[in-house]
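Structure record follows, encoded as structure tokens.
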Amino acid sequence: MRRALAPVPPAGHRRRWTATVLAVAALLAGTALTVPGAATAAPAAWAPKPAPMTTPWTGQVPVDNPLPEYPRPQLTRPDWANLNGIWDFAVTSADAGRPAAFPEQIRVPFVAESALSGIQRRITPNDKLWYKRTFVVPSGWDGRRVQLHFGASDWRTTVWVNDRQAGTAHDGGYDAFSYDITDLLNRGGANTIVVSVWDPTQTGGQAVGKQRLNDVQPHPGGGIFYTAASGIWQTVWLEPTATAHITRLDMVPDPVNNRLKVTVRGAGTSGHQTRVTVSTGGATVGTATGPAGTEFTVPVPNARRWTPDDPFLYDVRAELLSGSTAVDSVGSYTGMRTIGLARVDGVLRPVLNGQFVFQTGTLDQGYWPDGIYTAPTDAALRFDLQKHKDLGFNMVRKHIKVEPQRWFYWADRLGLLVWQDMPSMERTPDAAGRAQWESEYRRVIDQHRSSPSLVMWVDQNEGWGQYDQARIANEVKAYDPSRLVDNMSGVNCCGAVDGGNGDVVDHHVYVGPGTTVPDANRAAVLGEYGGLGFKVAGHEWYPGGGFSYEDQPSPAHLDNRLVGLLDGIREVRLPRGLSAAVYTEITDVENEANGLLTYDRQVVKVDEVRVRAANRALIDASRSPSAPVTLPTGQFRSLRVTTPGYTDRYVRHKDGAVFTEVVNGGSEALLKADATWRIVPGLADASCSSFESRNYPGEYLRHRDSRVYKEGGSGDLFRADATFCPVRGANGGVRLSAYNFPGQYLRHYGAEVWLAVPGGTRAYDSPALFAEDTTWAVEAPWTP
């Protein structure tokens, strides 16, 4: 049973602490987990600052007990105490020692730059943050060791308990860390914790992600980089343990062989055995014993597979045994699934449980206008993931940030495939920076390696701080062989260098979706595309300052354009080998206005029903992917309009431009020849097609500035512009998608032929009769 942790209140203030029982069954059922914490009103000296934008949860954050949920769902114990809440606070110069006074107060675990912290000001590399609070260890914890846990603190964190340093300083912004503080405690009396944090942000050589030293108030500019997040930003908590205790469960599901591979790791466990039991609904499924620190297997007969459509979780209990006595016991959970690569109809694809399913997701930056790096509540943390599900996505790419362990729990429980980025460095690091980054990456892998939702590690992004790509990808794969590895997301972008290895070839294409194809050993994925923007008045971080990769004039255009991109992936790129795509992005972030939701999570910009249907159609199509549509190579054909009322018109060239015109048996010979084309293998991609003029050999249908011409030429751009990929249209017809602009189609409009964009803003992009106008009948040639 968890007992109350009694704090020593600051002068003039009293705090009341409560206690409840933690049950893993309640955790897996989604019941809110009660955490002991102060429950009195806020000290008079403290109040949150006004947030630049308020989310639905901004006003729901408890003052003295924020984020009260159990912070480590995959390693639970019933006794623990939350230290979130109001701490005394000071800022000194970076090289200063402990201050004599702590004149301010901060709400932990919100960073000093955030409104929810109550500080909300810019922190520089010349600053050091200082935190202080007191507590009393409950008498019920007597005889046990006491662990002090930090979910994450950015960046160099040093801890003192009762004026003695706990262990060594921790360097890292994204991994959890702990100290055994037993020998530093005053049992039965007051204890004081002091924490210092120094964060150089992008001026240092560490992992920094999207953080930059910008003004904390809304301002123009910033681009794709955002407000820095300095100091403690995840839950701080205490936990009593036995001297010999479990510290980690490494679980690798092996449903093919109906077993779970488990390694129980711990402290002081030499010579101990462990027992692991897998159950569901209170009924034991399988149990096994093995030595601590060594992998063994637990039978899971007829294992129910974890998938995004059926995210079934088994309960897990691990016990540390001394003889036959359990000296420690922890609760956990697992999902039985596999992830790997396989050839599907000759195409290399990622397979979940041996089956290919297209992974369609969004880029998720994990920023909040009120808490910056920290979601205001657990409900808020879940919300973004639930919105992915509502919109029909089955995957999320956590972009250059690592979330708290409860975020992974919600992904596991809701059923989302997770691509986890290792946060990037701002520049190529020196030897010390490399050692730090790689060490932190290994710790991140260790802390999340048992999450069933996590299916791919993304090492580096667009060349930011890039080095040793191939070596790092090989080492990550060896360290966690149960998952896919992406050596570089966006190898085609921004000076990035492809390590040439890993499991995927990953391109970034805006607006996209581009032409990524598999290579001999890697599946093809689109790590970023989209970026369609729409600014919602009253829901902008800096009104008028937002940007996107392609602004949309209305929600209707945004819907049509987004659905057009998803349909283009399904119709054009899926048959040609693309296996996953990540849309930018789930929410606006500061001055990025290309979210499907506004930054404050108050407005969903798109039609959820339409987007969900387009995503589901894409996923469903991947379950039995069709071969690409092919046309008769080396033969002459004519292309007839299929729009009702215009079916006697054909594609013809005239004075270099391309039109549609009525052609019949009585037409003159020149018109018939102009309306005849020889179909040849695509000049840019032989799996697609090019259309050579019958009476002007060497000249082809070619789009240029969206208008279509008959032209000759050379070079990569010309060959791409003159290549079209056929896809199925209605009633046996075909649609001709531009090779270099998949999802944009040849369309007749006002007798002219254009490259039209679904959801585009030009007259020839009009949604009326779009499908009919872009569908062609490939018929016998007018001039053989």
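Here the closest non-hydrogen pair linking A657 and Y709 is CA-CD2, 3.9 Å. For the residue pair P758 and G564, the shortest heavy atom distance occurs at CB-CA, 3.8 Å. Here the closest non-hydrogen pair linking R522 and N487 is NH1-ND2, 3.4 Å. Looking at every heavy atom in both residues, R637 comes nearest to E779 through CD-O, 2.9 Å. Closest approach of R382 and L414 over heavy atoms only: NH2-CD2, 3.5 Å. Residue Q552 comes nearest to L532 through the heavy atom pair NE2-CD2, 3.7 Å, listed as atom of the first residue, atom of the second, then distance.
The only option from E528, E462, R397, H399 that meets the side-chain hydrogen bond (donor to acceptor under 3.5 Å, both in side chains) definition with S489 turns out to be R397. The ring pair (Phe, Tyr, Trp, His ring centres under 6.0 Å) test with H653 is passed by exactly one of F659, F691, Y696: Y696. Of the candidates L385, D364, V396, I586 forms a side-chain contact (heavy atoms from CB on, under 4.5 Å) with just one, namely D364.
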Test side chain to side chain contact (heavy atoms under 4.5 Å, CB included) applied to D503 and M456, step by step: CA-CA 9 Å; D503 295 298; M456 184 156 70; 5.6 Å; no
Passes salt bridge (Lys or Arg N to Asp or Glu O under 4.0 Å), R570 versus D567? Steps please. CA-CA 5 Å; R570 172 173 53 84; D567 288 349; 3.2 Å; yes
Let's go through D765 and R561 carefully: what are the C-alpha distance in whole Å and the side-chain angles of both, what is the deciding distance for salt bridge (Lys or Arg N to Asp or Glu O under 4.0 Å) to 0.1 Å, and is it a yes or a no? CA-CA 10 Å; D765 297 325; R561 188 75 168 98; over 6 Å; no
Let's go through D506 and M488 carefully: what are the C-alpha distance in whole Å and the side-chain angles of both, what is the deciding distance for side chain to side chain contact (heavy atoms under 4.5 Å, CB included) to 0.1 Å, and is it a yes or a no? CA-CA 7 Å; D506 180 338; M488 176 70 71; over 6 Å; no
Tell me, with the steps shown, if Y529 and Y510 meet ring pair (Phe, Tyr, Trp, His ring centres under 6.0 Å). CA-CA 5 Å; Y529 78 103; Y510 288 101; 8.1 Å; no
I would like to know whether V455 and R483 meet side chain to side chain contact (heavy atoms under 4.5 Å, CB included); could you show each step before the answer? CA-CA 5 Å; V455 296; R483 289 184 173 84; 5.7 Å; no
Between V589 and Y599, is the side chain to side chain contact (heavy atoms under 4.5 Å, CB included) condition met? List the steps. CA-CA 5 Å; V589 186; Y599 190 26; 4.3 Å; yes
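Going from atom CG of L596 over to atom CZ of F534 covers 13.0 Å, rounded to the nearest 0.5 Å. Rounded to the nearest 0.5 angstrom, T338 OG1 and W306 CH2 are separated by 11.5 Å. Here OG of S548 is found 9.5 Å from CD of E592. Values are rounded to the nearest 0.5 Å. Rounded to the nearest 0.5 Å, atoms CZ (F547) and CG (D588) are 10.0 Å apart. To the nearest 0.5 Å, atom CZ of residue R576 and atom OG of residue S737 are 8.0 Å apart. Atom CD1 in I679 sits 11.5 Å away from atom CD in E692 (nearest 0.5 Å).
In this structure, the side chain of S667 engages the main chain of N664 through a donor-acceptor pair within 3.5 Å. Judged purely by atom type and a 3.5 angstrom limit, K210 uses its side chain to pair as donor or acceptor with the backbone of I224. Between the T723 side chain and the A684 main chain, a donor and an acceptor come within less than 3.5 Å of each other. Within the 3.5 Å criterion, the main-chain N or O of L454 finds no donor-acceptor partner in the side chain of Q420. Between the side chain of K672 and the backbone N or O of V663, no donor-acceptor pair lies under 3.5 Å. Using a distance-only test at 3.5 Å, with no hydrogens or angles considered, no donor-acceptor pair links the side chain of S693 to the main chain of E699. Panel note: side chain N591, backbone G223; no donor-acceptor pair is recorded below 3.5 Å. In this structure a side-chain-to-backbone donor-acceptor pair under 3.5 Å is missing from R612 to D607. When atom types are taken as modelled, the side chain of D721 and the backbone of R704 share no donor-acceptor pair closer than 3.5 angstrom. Proximity of a side-chain donor or acceptor of Q466 to a complementary backbone N or O of G495 within less than 3.5 Å is detected.
Residues W776 and V641 have side chains in contact (heavy-atom distance under 4.5 Å, counting atoms from C-beta outward). Looking at heavy atoms from C-beta onward, L683 lies in side-chain contact with Y700 at the 4.5 angstrom threshold. Using a 4.5 Å heavy-atom cutoff, the side chains of S453 and L416 are not in contact. When side chains are defined from C-beta on, Q744 counts as touching V757, because their heavy atoms get closer than 4.5 Å. Considering only heavy atoms from C-beta on, R610 comes within 4.5 Å of N560 through its side chain. Counting heavy atoms from C-beta outward, P308 and L352 have side chains that approach closer than 4.5 Å. Between D674 and L670, some side-chain heavy-atom pair lies under the 4.5 Å cut-off. Looking at heavy atoms from C-beta onward, T775 lies out of side-chain contact with N731 at the 4.5 angstrom threshold.
Judged by the 6.0 Å and 45° rule, R707 forms a cation-pi pair with W754. F718 does not carry R702 over the face of its six-membered ring by the limits of under 6.0 Å from the centre and within 45° of the normal.
Between the side chains of T307 and D309, no donor-acceptor pair of N or O atoms lies under 3.5 Å. For the residue pair E571 and Y745, a side-chain donor N or O sits within less than 3.5 Å of a side-chain acceptor on the partner. Under the 3.5 Å distance criterion, with hydrogens and angles disregarded, no donor-acceptor pair is assigned to the side chains of W419 and D486. With 3.5 Å as the limit, one finds a donor-acceptor pair spanning the side chains of H507 and T516. No side-chain N or O of S622 forms a donor-acceptor pair with one of R349 less than 3.5 Å apart. Side-chain contact, E752 with Y764: no donor N or O sits under 3.5 Å from an acceptor N or O. In this model, a donor atom of one side chain and an acceptor atom of the other lie less than 3.5 Å apart for T362 and H388. For the residue pair N615 / T360, a side-chain donor-acceptor distance below 3.5 Å is found, with atom types taken as modelled.
Heavy atoms of other residues, nucleotides or ligands lying less than 6.0 angstrom from CG of D310 number more than 12. Counting heavy atoms of neighbouring residues, nucleotides and ligands inside a 6.0 Å radius, atom CZ of F636 exceeds 12 of them. Counting non-hydrogen atoms of neighbouring residues, nucleotides and ligands closer than 6.0 angstrom, the CG atom of D705 reaches no more than 12 such neighbours.
Pairs engaging residues 677-768 under the disulfide (SG to SG under 2.5 Å) rule: C688-C725 [sequence neighbours left out].
Of the charged side-chain nitrogens involved, none lies within less than 4.0 Å of a carboxylate oxygen, so that K387 and D384 do not count as a salt-bridged pair.
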